[in-house]
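Structure first, commentary second.
Residues take their numbers from the sequence shown, with the count starting at 1. Atoms within each ligand, like the ligands themselves, are counted from 1 in listed order.
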Amino acid sequence: MTLNRRTLTAAMAAASLTGALPLSAFAQKKIVLGFAQVGAESEWRTANTESIKSSAAEAGIDLKFSDAQQKQENQIKAIRSYIAQKVDVIAFSPVVETGFETVLREAKAAKIPVVLTDRSVKVKDDSLYVTFMGSDFIEEGRKAGRWLVDKMKDNPGPVNIVELQGTVGSAPAIDRKKGFEEIIGKDPKFKIIRSQTGDFTRAKGKEVMEAFLKAEGKKINVLYAHNDDMAIGAIQAIEEAGMKPAKDITIISIDAVKGAFEAMMAGKLNVSVECSPLLGPQLMSAVKDIVAGKPVPKRIITQEGIFPMEVAAAEFPKRKY
Ligand code: GYE
């Protein structure tokens with residue numbers, strides 16, 4: 001008989017109860033976790049990777065880690081290799097929402113539990129994963145929208161907005177757009193005049209902002225960027241075009257990484273909505289519970305705030321990512 005982690009745990013408990021073997025006889029076998037990361041596209045992602053690696057080490061979990069370079073096919077390959085290696089648990093942050101059904105079914109057939117972190121997938125059968133832990137991206141978009149509506153309350157409009165979207169097809173890009181539009185859509189003075197992907201990177205954010213400026217110039221009143229890195233790239237483009245970021249163009253972004261706080265303290269970014277990448281500790285505790293056969297909630301939502309530039313200097317020393 002082949003022992004997987006769950007039957008082994010049961011066998012350990014039984015052997016220990018009957019006094020046949022002390023629990024310590026099994027203590028050496030570490031839990032093996034295969035983690036398929038999105039990439040290293042942003043400051044957020046770097047902090048997320050660091051959180052996962054350090055909390056795995058702290059929890060005594062043997063972590064197998066791969067970087068998909070923002071490509072779904074690489075991520076699917078990595079998951080397949082974790083299945084072949086018979087790891088105890090697979091966790092991943094799906095690059096995009098769709099197209100993972102087949103590989104998730106393969107994991108299920110191999111009886112390997114899957115945890116989704118940070119981004120979710122769209123699947124009909126939600127028994128294909130045990131839990132999804134991460135932020136509510138629609139709510140983040142709403143927070144950005146509410147901040148803008150308040151900021152512009154005395155402005156008769158039109159308020160012309162350009163939008164830098166995240167990776168096409170990714171949950172945060174889809175949901176941050178949706179939440180933002182839900183709020184600003186209530187007042188016709190708000191107009192999204194250009195919207196394009198900057199793939200969550202500084203380089204792309206700068207490049208696309210250059211194109212927006214070329215096409216719309218001084219008509220642009222607001223930039224809404226789906227993450228801080230793209231906003232930071234865009235700030236460069238705005239300065240190079242001879243305009244003042246956060247003054248000539250109001251800038252809103254999401255993540256609240258240290259780079260955003262530095263930009264706010266320099267007076268170049270108006271506000272950043274928080275999205276915490278520090279998912280490592282809760283991932284490790286869920287992995288341990290799953291292996292021990294304990295129930296875990298289907299959805300674990302991260303609690304987050306919003307930081308306008310006025311509070312940046314006071315908050316900066318407290319920031320952990
Ligand atoms: O906002 C962005 C990163 O999925 C929440 O991915 C994450 C997003 C984050 O590249 O900076």
Side-chain angles (χ1 to χ4, degrees), residues 35-52 67-72 74-75 91-98 100 115-122 129 132-144 163-180 196-206 208-209 223-235 251-264 269 271-280 282-283 299-307 319-321:
F35 190 90
Q37 181 60 292
V38 170
E41 73 282 4
S42 64
E43 224 181 295
W44 190 99
R45 191 63 57 197
T46 311
N48 180 245
T49 292
E50 162 53 28
S51 170
I52 287 157
D67 173 337
Q69 298 181 316
Q70 296 226 74
K71 292 203 175 74
Q72 180 173 36
N74 293 346
Q75 213 169 28
F92 77 112
S93 175
V95 178
V96 289
E97 284 189 330
T98 55
F100 284 103
V115 175
L116 302 176
T117 71
D118 158 35
R119 299 181 183 178
S120 190
V121 290
K122 272 217 170 79
Y129 61 88
F132 163 44
M133 57 180 65
S135 308
D136 179 342
F137 299 134
I138 299 185
E139 188 52 31
E140 290 172 351
R142 289 191 193 115
K143 282 181 188 155
E163 179 182 32
L164 283 168
Q165 294 183 37
T167 301
V168 175
S170 70
I174 295 167
D175 292 351
R176 286 170 181 171
K177 183 170 184 52
K178 198 171 172 189
F180 183 75
Q196 210 179 304
T197 181
D199 214 13
F200 282 131
T201 69
R202 286 188 191 201
K204 265 299 208 69
K206 179 168 190 256
V208 177
M209 189 68 203
L223 163 65
Y224 171 45
H226 290 186
N227 82 342
D228 292 334
D229 284 74
M230 292 188 295
I232 291 165
I235 286 170
I251 308 176
I252 310 167
S253 66
I254 299 183
D255 278 354
V257 294
K258 282 191 175 150
F261 276 79
E262 280 157 4
M264 286 193 280
L269 173 68
V271 64
S272 186
V273 174
E274 186 179 34
C275 176
S276 176
L278 308 180
L279 300 172
Q282 61 195 30
L283 171 60
R299 176 78 171 102
I300 304 171
I301 301 181
T302 317
Q303 298 305 314
E304 299 161 331
I306 176 166
F307 300 100
R319 301 303 292 164
K320 294 200 169 59
Y321 59 92

Please report which non-hydrogen protein atom sits nearest to atom 10 (O) of ligand 1, along with the residue it belongs to and the distance in Å to one decimal place.
E41 OE2, 2.4 Å

Looking at R45, which atoms of ligand 1 are within less than 4.0 Å of one of its heavy atoms?
3 (C), 4 (O), 6 (O), 7 (C), 8 (C)

Ionic contact status for D199 with K204, cut-off 4.0 Å:
no

Examine the side chains of Q37 and T49 and answer whether a donor and an acceptor come within less than 3.5 Å of each other.
yes

Ligand-side contact atoms (ligand 1) for residue partner F137, heavy atom cut-off under 4.0 Å
5 (C)

Any heavy atom of R176 sitting closer than 4.0 Å to ligand 1?
yes

Regarding E43 and K258, does a basic nitrogen lie under 4.0 Å from an acidic carboxylate oxygen?
no

Any atoms of ligand 1 less than 4.0 Å from a non-hydrogen atom of S42? List them with their elements.
2 (C), 3 (C), 10 (O), 11 (O)

Cationic tip of R319 within the cone over Y321's six-membered ring, i.e. under 6.0 Å and within 45° of the normal?
yes

salt_bridge(K143, E274) N-O dist < 4.0 Å:
no

Closest to atom 9 (C) of ligand 1 among protein heavy atoms sits D255 OD1, 3.5 Å

Just jot down the ligand 1 atoms closer than 4.0 angstrom to any heavy atom of P172, in number order.
4 (O)

Do R45 and V38 come within less than 4.5 Å of each other through their side chains, counting heavy atoms only?
yes

Compute the shortest N/O to N/O distance between R119 and ligand 1 and return yes if it is under 3.5 Å, no if not.
yes

How does C275 reach ligand 1, by side chain, by backbone, by both or by neither, if only non-hydrogen atoms under 4.0 Å count?
side chain

Which residue and heavy atom of the protein sit nearest atom 5 (C) of ligand 1, plus the separation:
D118 OD1, 3.2 Å

Under 3.5 Å donor-acceptor, T167 side chain and S170 backbone:
no

